[in-house]
Colleague: 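Below is a structure I'd like to ask you about.
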Amino acid sequence: MADDLLVIIPTRGRPQAVPALAQAWEDTGATADLLFAVDNDDPELSGYKAEAAKLKGDGRFRFVYGKRLRLCGTLNQQAVKAAKKYRFLAFLGDDHRPRPAAMPWDARIRECLSGGPGIVYGNDLLMGERMPTAVAMTSDIVRTLGYFSPPALVHLCLDLCWLEWGRGMGRITYLDDMVIEHLHPAAEKADLDQGYEECNSPEQVSADSAAYYDYRDNGGLDTDLAKLRKLVEEAS
């Protein structure tokens with residue numbers, strides 16, 4: 001039976017993240033479903049399929065393979081599908097790791113979001129409260145907007161949009177003691193591989209920054225916030 005929380009992880013070139021994340025689920029006692037969204041042109045595709053075979057039979061872990069849409073496109077595609085079935089949706093990067101705590105992190109998410117439309121994020125030990133690099137939200141947000149993040153984005157600035165949404169609708173919570181560690185080169189917790197180099201290239205930084213400012217300043221954000229505020233009002 002499916003859980004009411006689905007965690008979506010778009011991933012590329014890092015099949016080694018699969019057993020590490022599965023172990024994080026075991027270590028934290030998580031019951032949330034986990035979906036690895038893999039590109040069918042990934043050079044490491046065989047590695048992902050080998051890891052998927054090891055997890056076969058554990059209903060919490062699933063894999064989908066499809067055309068490369070980059071992080072935002074893949075996340076949106078899978079979230080829109082899942083929003084019809086799940087009450088809560090979350091995004092983690094393949095370099096995020098939930099950490100054990102007195103109360104399981106996924107239980108904290110459910111508890112925090114049980115009161116209606118909203119967004120919650122934890123402490124990634126890098127950006128902390130400043131930026132939700134891993135995030136969860138009620139699925140009615142995705143159904144209302146038609147996406148998990150503005151589709152003009154590719155990889156960067158998604159977290160800035162989630163922050164704008166949550167603050168603008170007055171329904172965002174930061175949980176400092178819910179640690180979902182970001183094993184990023186900026187924190188000196190990972191090597192700079194091809195994936196990091198591609199998504200943090202000057203060209204990608206420039207493109208996603210421009211797309212974000214256009215969304216924020218030229219009506220996109222205002223349109224979405226009007227929809228989200230109406231959602232909160234109707235749910236009250």
Side-chain angles (χ1 to χ4, degrees), residues 2-11 14 17-37 58 60-62 71-72 75 78-79 82-83 86-142 148-149 156-190 228 232 235:
D3 200 273
D4 60 354
L5 169 61
L6 176 68
V7 180
I8 302 169
I9 301 184
T11 181
R14 296 173 186 152
V18 174
L21 281 156
Q23 187 61 54
W25 254 238
E26 297 300 325
D27 293 345
T28 61
T31 62
D33 290 343
L34 173 57
L35 178 68
F36 292 100
D58 190 326
R60 294 173 299 172
F61 305 118
R62 302 204 312 276
L71 186 148
C72 186
L75 175 59
Q78 298 306 321
Y86 288 86
R87 185 180 178 192
F88 312 113
L89 298 171
F91 159 76
L92 268 65
D94 58 14
D95 56 354
H96 282 95
R97 302 289 182 272
R99 299 306 186 194
M103 181 177 181
W105 61 275
D106 57 334
R108 294 288 303 280
I109 287 173
R110 295 185 196 90
E111 179 182 68
C112 186
L113 296 179
S114 63
I119 294 173
V120 61
Y121 64 110
N123 186 356
D124 71 350
L125 304 182
L126 177 59
M127 301 305 295
E129 188 172 5
R130 291 174 292 165
M131 195 174 290
T133 62
V135 71
M137 65 182 69
T138 51
S139 59
D140 51 9
I141 292 176
V142 175
F148 198 104
S149 186
L156 305 174
C157 302
L158 285 70
D159 32 33
L160 298 177
C161 296
W162 299 326
L163 207 57
E164 298 273 13
W165 291 355
R167 289 174 175 172
M169 63 195 289
R171 300 296 291 268
I172 190 166
T173 303
Y174 169 67
L175 300 172
D176 185 69
D177 59 338
M178 184 178 78
V179 175
I180 301 178
E181 187 172 7
H182 198 182
L183 303 178
H184 194 277
E188 299 183 348
K189 295 177 180 178
L228 293 176
V232 171

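As the structure is a prediction and not an experimental result, all values here were calculated from the model.
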Colleague: Under 3.5 Å, side chain of S139 to main-chain N/O of Y86, donor-acceptor pair present?
Modeller: yes
Colleague: So R62 and L6, do their side chains get closer than 4.5 Å, heavy atoms only?
Modeller: yes
Colleague: Which value, rounded to the nearest 0.5 Å, describes the distance between H96 atom NE2 and L183 atom CG?
Modeller: 8.5 Å
Colleague: Of all residues at least two apart in sequence or in a different chain, which pass the side chain to side chain contact (heavy atoms under 4.5 Å, CB included) check with P100?
Modeller: D27, T28
Colleague: Test of understanding: with ring pair (Phe, Tyr, Trp, His ring centres under 6.0 Å), list the residues that count as partners of F88, not counting sequence neighbours.
Modeller: none
Colleague: Given side chains that start at C-beta, do those of P98 and V7 come closer than 4.5 Å, heavy atoms only?
Modeller: no
Colleague: Within the distance-only criterion (no hydrogens, no angle test), does the side chain of R60 pair as donor or acceptor with the backbone N or O of A30 below 3.5 angstrom?
Modeller: yes
Colleague: Less than 4.5 Å apart, any side-chain heavy atom of F91 and any of D159?
Modeller: no
Colleague: With sequence neighbours left out, what residues match D95 under salt bridge (charged side-chain N to carboxylate O under 4.0 Å, His left out)?
Modeller: none
Colleague: So, taking the atom named CD1 in I109 and the one named CE in M103, what distance separates them when rounded to the nearest 0.5 Å?
Modeller: 10.5 Å
Colleague: Between CZ of R97 and CG of L125, what distance do you get to the nearest 0.5 Å?
Modeller: 13.0 Å
Colleague: Specify the closest pair of heavy atoms between M169 and P117, including all atoms of both residues, with the distance to one decimal.
Modeller: CE-CB, 4.0 Å
Colleague: Does L228 form a side chain to side chain contact (heavy atoms under 4.5 Å, CB included) with R171? I'd like the steps, not just the answer.
Modeller: CA-CA 10 Å; L228 293 176; R171 300 296 291 268; over 6 Å; no
Colleague: Aromatic rings W105 and W25: how do their planes relate, parallel, tilted or perpendicular, breaks at 30° and 60°?
Modeller: perpendicular
Colleague: In Å and rounded to the nearest 0.5 Å, what is the OG1 to CE distance from T133 to M127?
Modeller: 8.0 Å
Colleague: Checking I141 against I119 for the side chain to side chain contact (heavy atoms under 4.5 Å, CB included) test, could you report, in this order, the C-alpha distance in whole Å, the side-chain angles of both residues, the deciding distance, and whether it holds?
Modeller: CA-CA 9 Å; I141 292 176; I119 294 173; 3.9 Å; yes
Colleague: Mind checking what makes side chain to side chain contact (heavy atoms under 4.5 Å, CB included) contact with A79, not counting sequence neighbours?
Modeller: I8, L89, V142, F148
Colleague: Please report the closest heavy-atom contact between I9 and L21, naming both atoms and the distance.
Modeller: CD1-CD1, 3.5 Å
Colleague: Atom CG in L92, atom CD1 in I180: separation rounded to 0.5 Å?
Modeller: 5.0 Å
Colleague: Kindly write out the residues that satisfy side-chain hydrogen bond (donor to acceptor under 3.5 Å, both in side chains) with D140, not counting sequence neighbours, or none if the list is empty.
Modeller: T138
Colleague: With side chains defined as the heavy atoms from C-beta onward, is the minimum distance between R108 and D177 less than 4.5 Å?
Modeller: yes
Colleague: Taking only residues two or more places apart in sequence or in another chain, which ones pass side-chain hydrogen bond (donor to acceptor under 3.5 Å, both in side chains) with R110?
Modeller: D3, D4, T31, D106
Colleague: Looking at Y121 and E129, would you say the former's side chain and the latter's main chain have a donor-acceptor pair under 3.5 Å?
Modeller: yes
Colleague: To the nearest 0.5 Å, how far apart are CG in L163 and CG in L158?
Modeller: 12.5 Å
